[in-house]
There are 2 protein chains.
Amino acid sequence: MLRISKRVEYGLMALQYLAKSGQVATTREISDSSNIPHDLLAKVMQSMKRNGIIDSFQGVRGGYRLLLSPEQITLNRVVFSLDEETAITECASENPEHATCAMFDTCTIKVPMQKLQMKLTESVGNMTISELL
Amino acid sequence: MLRISKRVEYGLMALQYLAKSGQVATTREISDSSNIPHDLLAKVMQSMKRNGIIDSFQGVRGGYRLLLSPEQITLNRVVFSLDEETAITECASENPEHATCAMFDTCTIKVPMQKLQMKLTESVGNMTISELL
DNA sequence: ATAAGTCGGACTAAATTAGTCCTATTTAAG
DNA sequence: CTTAAATAGGACTAATTTAGTCCGACTTAT
Ligand code: SF4
Ligand code: SF4
């Protein structure tokens, strides 16, 4: 129905890696093990760090570590930390900056789209990565 | 979480219009009433016709008509008829043509992604437009 | 005959996403 | 106290996908 971004795919791979190792791991380690473009993964890790899903240590022997247990990390949170726009339509965005659809006034499916958005967030987005990985 | 395409939005608007009118309606009529680019809507209607959701009449006084009741039309079906690719990831595609991900062999999240795909299809995709519109 | 419609392919434009590159900062270790 | 391995983050380019346009053919009620 709808495509998941590479950023999210990479993020999930990395979270899985961190969960399995239980240790601090570097982006190099993760990108090598999963064939992910290193620089891109670096961005992904930084985003998840800012969101508070993971923790970082700078400098030599630095890296990332899970800050939450897999049971606490929802898909919603991962997606939200990694994608620019997470709403199903422009108007369903929580961020009013992004809600500037030109046909907003005449649109007859705004409410349905909100419903869909809720359903999606609740039934799929609230899954945790422990249920998935 | 994931964005719905304009084609699907337009398709839903059109189906709503057809459901409400109960009559045969032209793309012009629908595109005018909803401010949808006419030529684009025409494509959308053609796609839904091919899928068997709607019915068409050519020539003067032609147009489209619902072929199924709103209770019979699932979101999945609408999306499937209108979007190129409907799978959440490349590898989750039912169409093997589209399943050529370069990292398939080493990927550690294939199974999770399949699960996600199923969950999405079942809990959101199986909603009918009568539940929505 | 004509005008109002669908049909469908090819094309262009716009937007989004993926990926790269470069520089700065932090810090363990020699 | 220097070096190398790491994160931090901004700017940029490339690739892909989606949105939208255009044109010519066919169909049919009037
Ligand atoms: S207002 Fe209507 S057309 Fe605009 S984004 Fe929302 S649903 Fe889509
Ligand atoms: S194989 Fe892995 S990386 Fe490739 S599309 Fe499937 S989930 Fe994504």
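Computed from a prediction, not measured in an experiment: that's the story for all the values here.
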Worksheet entry | Check: B/Glu131 and B/Thr128 side chains under 4.5 Å, non-hydrogen atoms | yes
Discussion item. In this structure, how many angstroms lie between the C1' atom of D/dT3 and the CZ atom of A/Arg61, rounded?
Written reply: 16 Å
Worksheet item: Is any side-chain nitrogen or oxygen of A/Tyr10 closer than 4.0 Å to OP1 or OP2 of C/dA18?
Response: no
Discussion item. Taking any heavy-atom pair under 4.0 Å as a contact, classify A/Lys49: base, sugar-phosphate, or nothing.
Written reply: sugar-phosphate
Practice prompt. Send over the distance from A/Phe57 CZ to D/dA8 P, rounded to a whole Å.
Written response: 11 Å
Discussion item. Let's see if you can work this out: which of C/dC7, D/dA19, C/dG9 has an atom nearest to the side-chain heavy atoms of B/Ser5?
Written reply: D/dA19
Fill in: Phosphate OP1/OP2 of D/dT17 contacted by B/Arg3 side-chain N/O (<4.0 Å)
no
Worksheet, complete the sentence: Atom CD of A/Glu84 and atom P of D/dT17 are separated, to the nearest Å, by 19 Å
Practice prompt. Output yes when a side-chain donor or acceptor of B/Arg65 lies under 3.5 Å from a complementary backbone atom of B/Gln23, and no otherwise.
Written response: no
Item to complete: Would you indicate whether A/Phe80, at its atom CZ, is surrounded by more than 12 heavy atoms from other residues, nucleotides or ligands within a distance under 6.0 Å?
Response: no
Worksheet item: If we only count heavy atoms from C-beta on, is the A/Ile54 to A/Leu15 side-chain gap below 4.5 Å?
Response: yes
Fill in: Interatomic distance where CZ belongs to B/Arg50 and C1' belongs to C/dG9 [whole Å]
10 Å
Worksheet item: Among the nucleotides D/dT21, C/dA18, D/dA19, which one has an atom lying closest to any side-chain atom of B/Arg7?
Response: D/dA19
Practice prompt. Check the distance between C/dA18's P and A/Leu82's CG and give it to me in whole angstrom.
Written response: 11 Å
Worksheet entry | Between C1' of C/dG19 and CD of A/Glu9, the distance in whole Å | 15 Å
Worksheet item: Which nucleotide in the list D/dT7, C/dT6, C/dG19 gets nearest to the side chain of B/Tyr64?
Response: C/dT6
Discussion item. So if I take every side-chain heavy atom of A/Lys43 and compare against D/dT7, C/dT20, D/dC22, which nucleotide ends up nearest?
Written reply: C/dT20
Fill in: Interatomic distance where CG belongs to A/Leu40 and P belongs to D/dA11 [whole Å]
18 Å
Worksheet item: Do the side chains of B/Ile53 and B/Ser81 get nearer than 4.5 Å, heavy atoms only?
Response: yes
Worksheet item: Taking only side-chain nitrogens and oxygens of B/Thr27, does any of them come within less than 4.0 Å of OP1 or OP2 of C/dT6?
Response: yes
Response to the item:
Picking from C/dG5, D/dG20, D/dA8, the nucleotide nearest the side-chain atoms of A/Gln58 would be D/dA8
Worksheet item: Between A/Val60 and B/Pro37, which has a closest nucleotide on DNA chain D that is more 5'?
Response: A/Val60
Worksheet item: A/Met48 has an atom CE; how far is it from atom P of D/dT7, in whole Å?
Response: 12 Å
Worksheet, complete the sentence: Which of C/dA18, D/dA8, C/dT20 is nearest the side chain of A/Asp39? It is C/dT20
